[in-house]
Structure formats: C-alpha cells, structure tokens
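Note that this is a predicted model, so its numbers are computed, not measured.
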Amino acid sequence: MEDLLACEPRAITDGPFGSNLKSAHYTDSGARVLRLQNIGDGQFRDERAYINLAHFESLRAHEAAEGDLLLASLGETLPRVAILPKLDEPAIVKADVIRARLHPAVVTKWVYYALRAPQTQVRTSALIKGVGRPRLGLAAMRSIPVPVPPLAEQWRIVEMLEEQLSRLDAAVVSVEASSRRVRGLRAAALSAALESVGDSPVRRLADVLKEPLRNGHSAKATTDPGGIRTLNLTAVTQGDFSDENTKLTVADPHRVRDLWLTRGDILVQRSNTPDLVGTAAMYAGDNGWAIFPDLLIRVRVCEGVLPEYATLVLQSRDGRSYFKSRAKGLAGSMPKIDQSAIENFRIPVPSLDAQKRVVAEVQEQFDRVSRLSAELDRARKRSDGLRRALLRTAFNGCLVPQDSKDEPAPRLLARIAAERAAQPKPKRARKTAAKPPAQRVADVTAPEPTTAPALAVQQEFEL
C-alpha cells in the first residue's frame, strides 16, 4: 500500500499518543476525534467525540479529510477499514486509528475494497502482532500487498462491485427489518395468550412461592477441572442452559449446597443493562447440573402455579416494563432490582388447565418464530458468503473482462514513483547537544519509504 500513497508528507499517519491527547482534552464541540469505534466493518460510524479547535491546531499533523481511508490497527478482524465521509468539522485520528491518503491516480474505493477482500485478510494475518489484543501497526499497514490492475479496470471493477453490493445491502436491510418484526411477533404472541386469562385472580408473586427467594453465590473463576460448574448471566439472557454458558469456580461445597439447580427453577437477573435487568428464564435440565451466581435470583413457585407459566408472565411486556421501572442505580452503573421487586410483581393465576393451555399456545407460536429466525439467520450467512465471493472474484481478476488497450499498471505505478522521487526530501531536525541516554530525544523523522516493484504486487495476487 505504501506505493499507492499520495506524494505528500505524512500521507499515512496514526493518531497522537500519551499526553498529547488525554480524556481531559475532550470537549462538547470543536474538532472531531476519530476513534476505533468510528470504523465499522467497511463503514464509517458517526460516533462523536471532540477537542477544542486550539488543541486541534497543535495536532494538525494527524488531520483526516473527506475521502481518506481510516484503518483500525487494533481488533479481532484486521484490516478494518472505512472511507471518511464529509464532516461538518475538522478532524484528527486518535491512537490505534491510521489515516491513509492515496495518490489521486489511484481509485480510493479500489484500495478500500482490496483491503476488505478475503485474499488480503489472509495475507495480512501474518503481519498481525499480539494474541489478547491483535494489532496491525503503521509499518505493517504500509506493507499490505494490494493488487493493482490498470486504472480503467479499477474503475470497471469498482462500478460492478458497487452495483452488486448495493443489491446485497438492500437485501440485508430487508432481513434486518424482518428480524425486528419477528421479535415483535414473539412478544405479540405472548401478550395475546396472556390476555385470555386477564380476568383471573391476580396475586403477588410472594404469595405463590414454594420457598423464599434466593440469591446466588459469587465465586472466583478457575481452570481447575475440579471446580464447581456455575452459570454465566448469558444463560438467562439467551435462555440457553448449556456448557458454553457456564464457568468453573472455586466455592465451598457446603456453602453452596442449596444453590444447585432443580428442574423448574426460575432465574431472574438482578443486575444488568436497563433493557435486560429483570430478565427471566426457566431451567429445564437435570437436577444438580450447576449452581447459579450472585447476580441471579432463584424463584421457586408453589404447586398451584406452573413454572413455565410464571416464566412467561415474567417475560411479557408488562413484566419487562415493571422491572425496568423498579431498577435502581447510580449514574454510570448497572441498574439493579432487589428481592422485594420480584416479590411484589403481580401475576394472574388462572386454573392449572388454563395455565397449561397458555403455555402450549405460546410454545407453538414460539416454535414458528424460531423457524422464521433460523431462515433469517441463513439469509444473513448467504449474504455474507456472497459478499466474500464477490470480493474474492474481483481481486482474482475475474469479475469484469480485461482490455488490452488499458494503460498497463506498471506504467501507472512508475509515474507515481517518479513523482515521489522528485519530491524534496524532508529536512531532518537539527541535532542538539548530547543528553544523558535516559533523556535523549529520538529523531522522529521517518526515512523516505522505498517503492516495491509493481510487478511483484501483481504476481503476489496472480492478476
């Protein structure tokens, strides 16, 4: 990619580090600061952060402008890239964001799509450093191989890609809209079933408990195979009681002897985000499979109430609204509910036959919704596969016909290299008197990048 950069100082740069840009510098308005969260998977996300204009002037070397490439140097999927749209304010990139400005003789969208191509991601994986925090630094970004066909062919491929990808994008929008409707169908089916028992006696949940509510146990995680299997919160949020949603913990067996799950136990989250606090799910597995953590509250209802029915009432729109309104917490903290909020929840209690009918009706509707959701998931996967196939085909040189009349790419790259070579060399900073090694200031002037032969890039990608 280095060979395709604009012939100007700092055509590629990362953001300022350390004390040059701290949280204390952020303001409510001014110049934009572009961070990792602004770079989506191929799209710019309009997440906003600002510094004042005076401080922006001191950091202008890191400025980003409309049409620049923004590359994430940190993340699970690298390179992650977006094109900066027109903003209403000036902008700089922050640390871990790299701004690349391409030569005007190169199609920016061509390089943008090339960086997203499966071939590029495979080749780039060898340049990534780190395990817990995968990183693709500035030097690695410069060396990413980019296939370069003739300029006219770049335009033809970009036009074809955008025509086909726009169709895929429209399909994805339709799938996401359908997903929202499917989620609404689930809630509507539950509400409709519960309306049929609306004239039943209403009781406090505390009045239909088999035993008092019980908080779980907080214990340290361990890798020891002899640890005690403990639920994660995701088991309740996702309604999935499986090994993937548990962890092993160090706990005193005597202290947790009454926390082992029993079929029919209802678990309610006592702390989470406003939309998830109070989420309930019922355990239907084997007795004694796992214990539950401190952030879950166990509910065991009496014989006159089916646990499946009680769980549905807790999951209903009225139940979610109730717990959201009862959650409390300090600003910036996760809202919480206590046992009294659960005890005071009001539940209609029809006959056992009516409860069984509601559970059966809702389960039938939920099964239909699950089948629809599975179809939509398959549609998403097909869309992702088509997107990868389009990019792979484009950068194998097979998406559009080639034209022997096009100016060869090596000639284009040679012109860029000649223009770069004609640029005045940057002046190095004047050396100052020697200082002790611990205080010596490093020379930050980067050497002039070398230009790799264009044919090597073409051979690399077999174009």
Side-chain angles (χ1 to χ4, degrees), residues 1-8 11-12 42-44 65-71 79 81-86 99-124 141-171 383 385-423 448-463:
M1 190 166 70
E2 182 175 52
D3 300 318
L4 307 178
L5 296 173
C7 298
E8 62 181 58
I12 186 169
Q43 60 182 326
F44 179 79
E66 179 184 4
D68 287 344
L69 290 180
L70 301 177
L71 301 109
V81 60
I83 297 178
L84 181 61
K86 183 178 181 180
R99 182 267 290 155
R101 188 165 295 155
L102 301 179
H103 193 280
V106 178
V107 180
T108 298
K109 283 195 172 181
W110 166 264
V111 179
Y112 159 79
Y113 285 123
L115 293 173
R116 298 179 61 199
Q119 302 98 311
T120 303
Q121 295 191 343
V122 170
R123 287 170 169 80
T124 304
M141 290 287 188
R142 289 176 177 270
S143 64
I144 293 177
V146 178
V148 183
L151 181 61
E153 187 175 344
Q154 292 179 40
W155 281 115
R156 290 197 298 272
I157 293 175
V158 166
E159 289 173 0
M160 178 63 73
L161 274 175
E162 300 217 315
E163 178 184 349
Q164 301 302 329
L165 290 175
S166 65
R167 296 181 181 182
L168 277 176
D169 290 340
S383 173
L386 284 170
R387 195 178 302 273
R388 288 192 298 271
L390 272 170
L391 291 171
R392 186 181 294 110
T393 303
F395 293 96
N396 282 338
C398 303
L399 188 63
V400 300
Q402 298 177 341
D403 190 340
S404 59
K405 297 179 182 179
D406 292 339
E407 179 191 42
R411 195 176 300 168
L412 167 67
L413 293 173
R415 286 204 310 274
I416 297 175
E419 183 180 343
R420 180 173 290 110
Q423 295 293 313
E448 184 70 15
T450 57
T451 303
L455 289 178
V457 178
Q458 284 187 307
Q459 293 168 0
E460 173 74 16
F461 278 81
E462 301 178 351
L463 279 173

Asker: I'd like to know if the side chain of Gln154 and the backbone of Pro149 have a donor-acceptor N/O pair within less than 3.5 Å.
Answerer: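 Yes; judged by distance alone, with no hydrogens or angles, the pair exists.
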Asker: Check Tyr113 against Glu162 and note the closest heavy-atom contact, atom names and distance.
Answerer: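 Looks like OH-OE2, 2.9 Å.
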Asker: Does the side chain of Arg167 reach to within under 4.5 Å of the side chain of Glu163, using non-hydrogen atoms?
Answerer: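 SC-SC contact between Arg167 and Glu163 confirmed.
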Asker: Below 4.5 Å, heavy atoms only, C-beta onward: do Pro150 and Leu412 meet side chain to side chain?
Answerer: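 Answer no - side chains too far apart.
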Asker: Flag the pair Val107 / Leu102 as yes when at least one side-chain heavy-atom distance between them is below 4.5 Å, and no otherwise.
Answerer: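 No, too far: nothing below the 4.5 Å cut-off.
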Asker: Less than 4.5 Å apart, any side-chain heavy atom of Tyr112 and any of Val158?
Answerer: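 Sidechains of Val158 and Tyr112: no contact.
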Asker: Drop me the distance from Ile83's CD1 to Glu66's CD, to the nearest 0.5 angstrom.
Answerer: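 Here the interatomic distance stands at 10.5 Å.
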Asker: Measuring only between side-chain heavy atoms, which start at C-beta, is His103 closer than 4.5 Å to Leu4?
Answerer: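 Not touching, per the 4.5 Å side-chain cut-off.
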Asker: Please round to the nearest 0.5 Å and tell me the distance separating atom CD of Glu419 and atom CD of Glu8.
Answerer: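 These two atoms lie 10.5 Å from each other.
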Asker: Which atom names give the shortest non-hydrogen contact between Ala11 and Ala6, and what distance separates them?
Answerer: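 Nearest heavy atoms, Ala11 then Ala6: CB-O, 3.3 Å.
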Asker: Passes side-chain contact (heavy atoms from CB on, under 4.5 Å), Leu161 versus Lys109? Steps please.
Answerer: CA-CA 10 Å; Leu161 274 175; Lys109 283 195 172 181; over 6 Å; no
Asker: Roughly how far, to the nearest 0.5 Å, is CG of Leu84 from CG of Leu70?
Answerer: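 So the gap between those two atoms works out to 5.0 Å.
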Asker: With distance as the sole test, does Asn396 use its side chain to make a donor-acceptor pair with the main-chain N or O of Thr393 at under 3.5 Å?
Answerer: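 No, Asn396 side chain to Thr393 backbone: no donor-acceptor pair under 3.5 Å.
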Asker: Which distance, rounded to the nearest 0.5 Å, do you find between the CG of Asp3 and the CE of Met1?
Answerer: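 Asp3 atom CG to Met1 atom CE measures 10.5 Å (nearest 0.5 Å).
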Asker: Any non-hydrogen side-chain atom of Glu159 less than 4.5 Å from a side-chain atom of Val400?
Answerer: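 Counting from C-beta outward, Glu159 and Val400 never come under 4.5 Å.
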Asker: Does Arg156 form a side-chain contact (heavy atoms from CB on, under 4.5 Å) with Asp406? I'd like the steps, not just the answer.
Answerer: CA-CA 11 Å; Arg156 290 197 298 272; Asp406 292 339; 2.8 Å; yes
Asker: Look at the side chain of Trp110 and the backbone N and O of Glu153, then say whether any donor-acceptor pair between them is shorter than 3.5 Å.
Answerer: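 No; judged by distance alone, with no hydrogens or angles, the pair does not exist.
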Asker: Report yes if some heavy atom in the side chain of Arg387 is under 4.5 Å from a heavy atom in the side chain of Asp169; otherwise report no.
Answerer: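 Touching, per the 4.5 Å side-chain cut-off.
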Asker: Looking only at heavy atoms, what is the nearest atom pair of Ser383 and Leu168, with distance?
Answerer: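 Ser383 and Leu168 have their closest heavy atoms at OG-CD2, 3.9 Å.
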Asker: Is the shortest side-chain heavy-atom distance between Arg420 and Leu5 below 4.5 Å?
Answerer: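 In short, these two side chains touch, coming nearer than 4.5 Å.
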Asker: What are the two closest non-hydrogen atoms of Pro79 and Leu115, and how far apart are they?
Answerer: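 Looks like CG-O, 3.5 Å.
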Asker: Indicate yes or no for a side-chain donor-acceptor contact from Gln119 to the backbone of Arg392 under 3.5 Å, with no hydrogens or angles considered.
Answerer: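 The answer is yes, because a donor-acceptor pair under 3.5 Å joins these two groups.
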Asker: Could you check whether any side-chain N or O of Thr120 sits under 3.5 Å from a backbone N or O of Ala114, counting only pairs where one atom can act as donor and the other as acceptor?
Answerer: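 Yes, Thr120 side chain to Ala114 backbone: donor-acceptor pair under 3.5 Å.
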Asker: How far apart are the closest heavy atoms of Ala105 and Leu151, and which atoms are they?
Answerer: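 Scanning both residues completely, I find the closest heavy atoms to be O-CD1, 3.2 Å.
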Asker: Do you know the tightest heavy-atom contact between Arg116 and Gln121?
Answerer: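 The pair with the smallest heavy-atom distance is O-NE2, 4.1 Å.
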